[in-house]
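Just below is one structure, and these are the notes that go with it.
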Amino acid sequence: MNKEYFPQEIEKKWQKYWEEHNTFHTSDESDKPKYYALSMFPYPSGKLHMGHVRNYTITDVIARFKRMQGFNVLHPIGWDSFGLPAENAAMKHGANPAEWTDENIAYMTKQLKMLGLSYDWDREVTTCKPEYYKWTQWLFLQLYKKGLAYKKEAAVNWCDKCATVLANEQVIDGKCWRCDSVVEKKYLSQWFLKITDYADVLLKDLDKLTGWGDNVKTMQANWIGKSEGAIFRFKVVENDLEIPVYTTRPDTVHGITYLVVAPEYKDIEKLTTPENKDAVEQYRANARKLTEIERLSTDRVKTGVPLGTHAINPFTNEKFPLWTADYALAEYGTGAVMAVPTHDERDFAFAKKYNLPMKIVIASEEMKQNIKDINKIYSADEVPLKEAYTEEGTLVNSNEFDGIKNTEAKKAITQYSVDNGFGEFKTQFRLRDWLVSRQRYWGAPIPVVYCDKCGIQPVSEDSLPVLLPEDVDFSVVGKSPITTSKTFRDTICPVCGGHAVRETDTMDTFMCSSWYYLRYADAKNSEKCFDKELADKWLPVDQYVGGIEHAILHLLYSRFFTHALHDLGLVGFDEPFKNLLTQGMVLKDGSKMSKSKGNTVDPDEIFENYGADTARTFILSDSPPARDFDWSDAGVEGCYKFLNRVWRMISANEDKISLDYVIPENRTKVNDDLVRTVHIAIKGITNDIANDFQFNTVISKYRELTNSISDWVGKAQWNDEDKSVFSFAIVSLLKLMAPVAVHLTEEVWTQLGAKTSIHDEKWCEYDENLAKTSSITLVIQVNGKLKDKIEVDASLDDEKLKETALSSEKVKQLVEGKTIVKIIVVPKKLVNIVIK
RNA sequence: GCUCCAGUGGCGGAAUCGGUAGACGCGUCGGACUUAAAAUCCGAUUGGGCGAAUAACUCAGUGCCAGUUCAAGUCUGGCCUGGAGCACCA
């Protein structure tokens, strides 16, 4: 064995060996229980960054640990390779995005291998390859057949810079998730997936996901945004239209003094009188011009214009005016809001501004005493309220509902509307359907055609994939490059054989990533999307690891897909990810690593200077996986030193180690202590991994064990007993470190004479009786304060501990002249003497 | 405004059940080895008080204020600060 540790040499050697021997191939056939460990697959952006290193190291250590524990582990990798950066790079260089993508994949593959990750490369998937996107298209058709994919004209989010529409989930604070430019609203005919059909079950089943963090679950719950309320229909006075309104406050219905429809409301023109037409048109035009950010700003002054028409409140037969205002949103509820200014902050502000009347219908006891004319309809100037009253109270001014508590009135009033045929109970979700078409080239083409005669027709399944054309001009501006192809557009109708044109929009890349974890179960299947039996065998994913930034996007879409595929009979389970670990960000000097800030650390440099084992050890060492991780050069150095220490400790004593040692039953105290220390370490490390993968404490326990062994070496006589005990300690240390320092342990293991890989070894077992020290430090407290510590034999019973405590000189001094009220003994730990 | 998470030395962080607060590491300081440096090894390192002392003793201490308990970083209630998510959602 070499005296010094040369990671670069041994890492290359073993990477080559593992690859040649296909060491990490996963068989579908095995008697062992299955375990599916998965990292979120990367976008091939060019180079790995430290976030990748952290993500893949965590999952790799989990996979290796489970393998040693006797599981048949599936640990695959692939590429989320469709998307805009490739297309933008292609535009810049005039090349096809496929080339740029392939180059990046090749480079990043090399890097992943340098990190020593135990992937089964035979299952690699690449979403931009026809053999993959064929099945993305096929799945789209299955959803289409089920009525879950549909096309509609709608106001959609448009990013001008990316020249495409975006899903709601991709708009962050009114800006594009990718390029940060302000998103506009456009009216376009687009493809949607009906995720709203699954809103209820996606919310409800969050409860089943006990292996997910609350942060992600509440984020999803908020996004789905369930609320319970009622729909009331109001008859229009001037014509025979009806306006349905969704409200969560049916209890306030007697207080309506006006009604607002969104500027985009479908019947708005019919609701506008000729005299008001110009003003309304102008208001609508203005509203269209506003950006999402301006419009959604809560501090914006509310504006609106009257339509000139009126509606009737069926509860009171009162007539009230109709307005349009952009604080009503076309996409939520029915696009119309019943306004009760006294009990809603927004309505209050609006009514104040336009001097609309107000009527109090919910009152607290205090209000009832202090407001004399509570039944009056007030003008906005006179109303005896400084702000809307949104607390609980009892109903006033509400006919037969007067005196009922408002919380109870909600149900009673809605029931009344049901009985009289002008309302119903309604559950409303904030979640909108998922817009999946993109006006871009580098994505899976949506497999439908538009026939001159038959209209929208799905492409027949046996003609899939619809291949991306290659005769395209990437230099075009303002339209999708795909539309420049001379061969793509014109085709024949699968129904009538007549002329048809292809859909030129491609799918959102999130569709590709919504099912890739299923494809790994059967990655090479050219006949099917995946075999159901194999999918049911491997899925759900036992441990999914990835960034929190996908809390809603990818994780919600994937859950939707799995539920839909389950209903289609394609899989036998409905939730894809049993346990989810959302890893924190990798920071440098307290802020996120980014090229613009210039605080990035290049993984290649770390591999080169210290080796992958150091990188792996360090990225796990300083913070628990879920927390942010602050990169420090000194920390890397420290881990490198530690690995060197381990190496030297073994290489210097190589001749004393034998792989078939026998630990003697009767051993010296010093040797017994070392044996116990090893068992304690095994127990601690095994538990730390089981308990939310606390790798930071795992690494510190490696160090503690190494320190203990090193101290022991200083005292060793090197007789046969010493050699056995030392061998046991070193072999255990190597196995415990094998999932993390994958190359170093393998090298040392074979240098010590092993014929098989350490990664095929069984995980260390511990003996509960030995996983504790032979003596303990008895803590002695007086009135709960630490007063003394005495080293005692661990076998002493409570009575003996009490005696020992009372015999302490310090205790004797303190107790003198006082009464002992009681003595509490915590077995094998502590004695607390309470005195007065 | 609503929801979730977090707050412990100079720093990252540790502490199954409530039971020695600060494991392990980084940094710093001191020492050994060396002609010297690097590397390596050994020791110290929460703050205050009293000490010549790196001895002994003592007080305080896990964001703040209360509470429960023999005992609180840990449990309960109320705040404060930071981060994240949602938000004119009727």
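Excluded from the calculations below are hydrogen atoms, water molecules and symmetry mates; all remaining heavy atoms, backbone and side chain alike, are included.
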Exercise. Will you find, in the side chains of A:Tyr327 and A:Thr303, an N or O donor that is under 3.5 Å from an N or O acceptor?
Worked result: no

Exercise. For atom P, what is the distance between B:rA15 and B:rA23, given to the nearest Å?
Worked result: 12 Å

For this session: Hunt down the Watson-Crick or G-U wobble partner of B:rC2, both distances under 3.5 Å, from any strand shown, or write none.
Result: B:rG85

Problem set entry | Flag for A:Ser775-A:Asp793: side-chain donor and acceptor within less than 3.5 Å | no

For this session: Identify the residue among A:Phe315, A:Phe234, A:Tyr258 that makes a ring pair (Phe, Tyr, Trp, His ring centres under 6.0 Å) with A:Phe320.
Result: A:Phe234

For this session: Using Watson-Crick or G-U wobble geometry with both distances below 3.5 Å, tell me the partner of B:rA36, or none.
Result: none

For this session: Please state whether the phosphate of B:rA23, meaning OP1 or OP2, lies under 4.0 angstrom from any side-chain nitrogen or oxygen of A:Arg703.
Result: no

Exercise. Which one, B:rC26, B:rC4, B:rA23, comes nearest to the side chain of A:Asp214?
Worked result: B:rC4

Exercise. So what does A:Glu549 touch, heavy atoms closer than 4.0 Å: a base, only the sugar-phosphate, or nothing?
Worked result: nothing

Problem set entry | Residue-phosphate contact under 4.0 Å: A:Ser227 side-chain N/O, B:rC89 OP1/OP2 | no

For this session: Rounded to whole angstrom, note down the C1' distance from B:rU81 over to B:rG25.
Result: 28 Å

For this session: Just call it for A:Lys641: base, sugar-phosphate, or nothing, with non-hydrogen atoms closer than 4.0 Å on any strand.
Result: sugar-phosphate

Exercise. If you check every side-chain atom of A:Lys789, which of B:rC24, B:rC4, B:rU20 has the closest atom?
Worked result: B:rU20

For this session: Tell me what A:Ser632 touches on the nucleic acid: a base, only sugar-phosphate, or nothing, going by heavy atoms under 4.0 Å.
Result: nothing

Exercise. Does some side-chain heavy atom of A:Tyr332 sit less than 4.5 Å from a side-chain heavy atom of A:Arg432?
Worked result: yes

Problem set entry | Interatomic distance at P, B:rG12 relative to B:rG85, whole Å | 22 Å

Problem set entry | Side-chain donor/acceptor of A:Glu345 to base of B:rG1, under 3.5 Å | no

Problem set entry | Rounded distance (Å) that lies between atom C1' of B:rA6 and atom CE of A:Met585 | 14 Å

Exercise. CZ of A:Arg627 versus C1' of B:rU8: gap in Å, rounded?
Worked result: 10 Å

For this session: Could you check A:Ile699 against A:Asn215 and say which one's nearest nucleotide on RNA chain B is further toward the 5' end?
Result: A:Asn215

Seminar exercise, completed: Whole-Å distance, A:Trp631 CH2 to B:rG12 P, equals 18 Å

Problem set entry | Separation of the C1' atoms in B:rC42 and B:rG47, to the nearest angstrom | 27 Å

Exercise. Do A:Tyr246 and A:Ser227 get their side chains close enough for a donor-acceptor pair, meaning under 3.5 Å?
Worked result: yes

Problem set entry | A:Leu786 CG to B:rC70 C1', straight-line distance once rounded to whole Å | 15 Å

Seminar exercise, completed: Taking B:rC88, B:rU3, B:rA90 as options, the one with an atom nearest any side-chain atom of A:Asp326 is B:rC88

Exercise. On a whole-Å scale, what distance lies between the P atoms belonging to B:rG83 and B:rU68?
Worked result: 35 Å

Exercise. For A:Val834, which contact category applies under a 4.0 Å heavy-atom criterion: base, sugar-phosphate, or nothing?
Worked result: sugar-phosphate

Exercise. Side-chain N or O of A:Gln781 less than 4.0 angstrom from OP1 or OP2 on B:rA72?
Worked result: no

Seminar exercise, completed: Against the side chain of A:Lys683, the closest entry in B:rU16, B:rA90, B:rU3 is B:rU16

Exercise. Of the candidate nucleotides B:rU20, B:rC88, B:rG12, which contains the atom at the shortest distance from the side chain of A:Val779?
Worked result: B:rU20

Exercise. Considering every strand shown, what is the Watson-Crick or G-U wobble mate of B:rA71 when both distances are under 3.5 Å?
Worked result: none

Exercise. Going by atom types only, do A:Glu169 and A:Trp223 share a side-chain donor-acceptor pair under 3.5 Å?
Worked result: yes

Exercise. At under 4.0 Å, does any side-chain N or O of A:Arg648 touch on OP1 or OP2 of B:rU40?
Worked result: no

For this session: Provide the distance between the two P atoms, one in B:rG27 and one in B:rG22, to the nearest whole Å.
Result: 22 Å

For this session: Kindly indicate whether the side chain of A:Lys789, heavy atoms from C-beta on, has any atom under 4.5 Å from the side chain of A:Ser808.
Result: no

Exercise. In terms of ring plane angle, is the pair A:His550 and A:His554 parallel, tilted or perpendicular, where the classes change at 30° and 60°?
Worked result: perpendicular

Exercise. Checking all strands, does A:Asn707 fall into the base, sugar-phosphate, or nothing category for heavy-atom contacts under 4.0 angstrom?
Worked result: sugar-phosphate

Problem set entry | Minimum-distance pair of heavy atoms, taken over all atoms of A:Phe232 and A:Met338 | CD1-SD, 4.1 Å

Exercise. Does the B:rC70 base have a donor-acceptor partner in the side chain of A:Lys822 within less than 3.5 Å?
Worked result: no

Problem set entry | Same-atom distance (C1') from B:rA66 to B:rA72, integer angstrom | 14 Å

Problem set entry | Interatomic distance where NZ belongs to A:Lys810 and C1' belongs to B:rC57 [whole Å] | 9 Å

Exercise. For the pair made of CD in A:Glu4 and C1' in B:rA38, what is the distance, rounded to whole Å?
Worked result: 13 Å

Exercise. Under 3.5 Å, is there a donor-acceptor pair linking the side chains of A:Tyr640 and A:Asp613?
Worked result: no

Exercise. Taking atom P of B:rA71 as reference, at what distance in whole Å does atom NZ of A:Lys787 sit?
Worked result: 14 Å

Exercise. Across the strands shown, which category fits A:Lys217 at heavy-atom distances under 4.0 angstrom: base, sugar-phosphate, nothing?
Worked result: nothing

Exercise. How close or far is atom P of B:rG19 from atom CD1 of A:Ile833, stated in whole angstroms?
Worked result: 20 Å

Exercise. Picking from B:rA15, B:rU16, B:rG85, which would you name as closest to the side chain of A:Asn222?
Worked result: B:rG85

Exercise. Taking atom types as they are modelled, is there a donor-acceptor pair under 3.5 Å from the base of B:rC70 to the side chain of A:Asn832?
Worked result: yes

Exercise. Side chain of A:Tyr332: nearest nucleotide among B:rC4, B:rG12, B:rA90?
Worked result: B:rA90

For this session: Check RNA chain B against residues 823-831 of chain A and give the residues with a non-hydrogen atom under 4.0 Å, in numerical order.
Result: A:Ile824, A:Val826, A:Lys829, A:Leu830

For this session: Rounded to whole angstrom, note down the C1' distance from B:rU62 over to B:rC4.
Result: 23 Å

For this session: Run the numbers on A:Asn168 and A:Asn157 for side chain to side chain donor-acceptor pair (under 3.5 Å), then give the verdict.
Result: CA-CA 7 Å; A:Asn168 285 321; A:Asn157 307 302; 3.2 Å; yes

